[in-house]
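One structure below.
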Amino acid sequence: MYLALIADVIDSKMVQERFDLQKQLEKTLQTMNELFGEFIASNFTLTLGDEFQGLLKVDAPVFQIIDTLRSELTPTQLRFGIGLGEIVTDIDPLQSIGADGPAYWNARAAINLVHQKNDYGNTQIYFLSGNDNQDLVVNALIASGEAIRSGWRESQEEILLNLLKRSVYSESFSQQDLAQSLAINPSALSKRLKSSSIRVYLRGRAAALASIQSLAKGEAYERII
């Protein structure tokens with residue numbers, strides 16, 4: 001079982017400097033392959049100019065990876081399709097081209113659903129595994145997080161960006177460390193944390209990831225027996 005991740009740039013045809021965008025994407029994907037190498041089965045690879053994909057192990061922190069991609073490529077806006085399933089062909093660890101199977105089929109179907117149903121532009125991530133009941137739960141958690149994030153101001157977004165830079169992606173972060181890193185006083189940070197609901201956001205992401213990983217283990221077990 002693998003997690004396939006397909007992403008593309010929103011409104012890429014409106015980007016004037018397409019060459020610069022492609023170079024930025026290539027550089028960012030190289031960085032991601034280095035940062036999360038232990039979780040990657042097949043490296044993130046550009047496929048269609050403004051689209052890229054990668055194959056992740058099922059224990060990969062997929063939402064941390066997505067948020068890191070978003071932060072690295074700001075202000076470029078991205079949409080994502082996550083697919084859980086098997087790969088029925090050989091896997092090239094150096095590039096995610098040529099491999100095929102339910103993981104990629106589900107990821108492709110998921111990103112197509114983002115085009116059709118994105119909660120008025122707020123939800124840019126969708127997950128599919130073929131298990132309709134579990135997919136409903138995971139996507140509800142994802143959409144809730146996307147709704148929280150859509151209301152963030154720059155100062156609130158800065159909290160997540162700071163956590164990501166320090167490889168922190170859990171609601172159990174140290175407020176003292178965060179205040180020092182942001183160079184603001186604890187009182188101001190508390191107000192910002194409350195208004196951003198960042199802990200709720202991260203809790204929801206953790207719950208969505210746990211559901212995906214539980215689903216992956218469950219399906220693997222069913223195949224064994």
For the side chain of Q213 and the backbone of A210, is there at least one donor-acceptor N/O pair under 3.5 Å apart?
no
Could you list the residues that satisfy salt bridge (charged side-chain N to carboxylate O under 4.0 Å, His left out) with E146, not counting sequence neighbours?
R70, R205
side-chain contact (heavy atoms from CB on, under 4.5 Å) partners of S150, counting only residues at least two apart
N122
Counterpart residues, side-chain contact (heavy atoms from CB on, under 4.5 Å), relative to N185 (two or more places apart)
S187, A188
For atom CG of D20, decide whether the heavy atoms of other residues, nucleotides or ligands shown that lie under 6.0 angstrom number more than 12.
yes
Residues which pass ring pair (Phe, Tyr, Trp, His ring centres under 6.0 Å) with F63, listed by chain and number, not counting sequence neighbours:
none
Against Y201, only a single residue in Y169, W152, F173 fulfils ring pair (Phe, Tyr, Trp, His ring centres under 6.0 Å); can you say which?
W152
Is there a donor-acceptor pair closer than 3.5 Å between any side-chain N or O of S96 and the backbone N or O of T45?
no
L69 side, atom CG; T28 side, atom OG1 - distance, nearest 0.5 Å
7.5 Å
Kindly say whether S211 contributes a backbone atom to a donor-acceptor pair with the side chain of S214 at under 3.5 angstrom?
no
Sorted by first residue and then second, give each salt bridge (Lys or Arg N to Asp or Glu O under 4.0 Å) pair with at least one member in residues 165-179; sequence neighbours left out.
E171-R203
Evaluate the side-chain contact (heavy atoms from CB on, under 4.5 Å) criterion for residues F44 and L56: first the C-alpha distance (whole Å), next the side-chain angles of each, then the deciding distance (0.1 Å), finally the verdict.
CA-CA 9 Å; F44 284 107; L56 309 173; 4.0 Å; yes
Once side-chain contact (heavy atoms from CB on, under 4.5 Å) is applied, do any residues pair with S144, and if so which ones, sequence neighbours excluded?
none
Please round to the nearest 0.5 Å and tell me the distance separating atom OH of Y2 and atom CG of N106.
15.5 Å
For V114, what are the other residues in its hydrophobic cluster, where any two members join if their side-chain heavy atoms are less than 4.5 angstrom apart?
L113, Y126, L128
Going only through I, L, V, M, F, W and Y residues with side-chain contacts under 4.5 Å, is there a path from L215 to I125?
yes
List the atom of I212, the atom of L84, and the distance in Å for their closest heavy-atom pair.
O-CD2, 4.1 Å
May I ask whether I159 and I148 are part of the same hydrophobic cluster, defined by side-chain heavy atoms of I, L, V, M, F, W, Y residues being less than 4.5 angstrom apart, directly or through others?
yes
Determine which pairs satisfy salt bridge (Lys or Arg N to Asp or Glu O under 4.0 Å) with at least one residue from residues 105-125, sequence neighbours left out, and list them in order.
E51-R108
Connected via hydrophobic side-chain network under 4.5 Å: V138 and V200:
yes
Taking salt bridge (charged side-chain N to carboxylate O under 4.0 Å, His left out) as the test, write out the residues that go with K23, two or more places apart.
E26
Check whether Q95 reaches the backbone of P93 with its side chain - one donor and one acceptor, N or O, closer than 3.5 Å.
no
By side chain to side chain donor-acceptor pair (under 3.5 Å) - contacts of Q30 (at least two apart):
none
Are I6 and V58 joined in one hydrophobic group, where the rule is that I, L, V, M, F, W and Y side chains link up if heavy atoms are under 4.5 Å apart?
no
To the nearest 0.5 Å, what is the distance between CD (E86) and CG (D100)?
12.5 Å
All pairs passing salt bridge (Lys or Arg N to Asp or Glu O under 4.0 Å) where residues 178-201 contributes a residue, at least two apart:
E158-R192
To the nearest 0.5 Å, atom CG of L164 lies from atom OG of S167 at 8.5 Å
Test of understanding: with side-chain contact (heavy atoms from CB on, under 4.5 Å), list the residues that count as partners of N43, not counting sequence neighbours.
N33, I40
Okay, side chain of D59, backbone of F39: is any donor-acceptor separation there less than 3.5 Å?
no
